[in-house]
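Notes follow the structure.
As the structure is a prediction and not an experimental result, all values here were calculated from the model. When a residue number appears, it is its place in the shown sequence, counting from 1. When a ligand or atom number is given, it counts from 1 through the structure's own listing order.
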Amino acid sequence: MKSTDAAWIAGFFEAEGSISISHPKRMVRVRVNTTDLDVMERLDALVPCPSGLRIRPPAQRHHQTQYEWILMRRADILEFVILVMPFLGERRLSKARDCLAFFDVPSPGVPFRPDDHESNIAWVAGLFEGEGCIHAPTSGRGVCLTLKMTDRDIVERLDALFPCPRIGTKLPSQPHHKTQYIWTITKGEEMKSILALISPHFGERRSARARELMAVLENRPGKLKRYGKTHCVHGHEYTPENSYVIPSGANKDARVCRTCRRDYLVIYNSRKRDPS
Ligand SMILES: [Zn+2]
């Protein structure tokens, strides 16, 4: 298997998977549950689940159908755990070690994490498939990429690859809940460059969301729209020679028509000379 496929599986497993160990029942289960059939089919194509994908009908009317991918046999579980281990965060890594111990298989020392760029991108894509969210309201307001998890180390690893201004925290509202860590990107150019890297690894549903977000950004009013214009309000063309980009301040990076600016300065200076 390609390192990028293993990384994608590990990212997705980190977001939607679980390892359960029952000592009394002498039983280990490795599961992934999600509502995205296309993503599950991809996982199943890479690591086939011997019993086939299970369909769990929605428990309530507003719920969606869940799909379950499950490994129950020792050999399948060991192969899978060893495959994803190098990418796992602290919490799941310790579960994976427990799982190997359960089967009396020695844990590899510190697992080696392939640190090549492509594997990291694939890992982010898998993680995003599970826990990421692409907000793309057509109004263009509140457009963002966000990912919420209770595993701080995972959110920090994502942030190290794609830095956000600040990792947010949401304290638990109930005693048995955990603190959530929230990574969010709201800058159009950053969202575009991140999606350009990770969306080739997405399944159908997320790819469609990524395209929606790109379309919203293209049509968003404000700075981005100004850049799409070819002429200023007075009809002067925005050629490179005629464009002035404001270097700092509140309107930083905004584009100004040099002809209009010159005309304005002539008026301004003449008023200054002759204040009447
Ligand atoms: Zn102009």
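Take the N/O/S atoms of His236: the one nearest the Zn ion (ligand 1) is ND1.
Under the side-chain contact (heavy atoms from CB on, under 4.5 Å) test applied with Leu71, the options Leu78, Val81, Asp76 reduce to a single match, Asp76.
For the Zn ion (ligand 1), the set of nearby N, O or S atoms under 2.8 Å includes none belonging to His234.
Not one N or O on the side chain of Arg209 forms a donor-acceptor pair closer than 3.5 Å with the backbone of Cys133.
A 6.0 Å sphere centred on CZ of Phe103 holds more than 12 heavy atoms belonging to other residues, nucleotides or ligands.
Vertex the Zn ion (ligand 1); arms to Cys260 atom SG and Cys232 atom SG; angle 110° (nearest 10°).
Taking the six-membered ring for Trp, Phe80 and Trp69 have ring centres closer than 6.0 Å.
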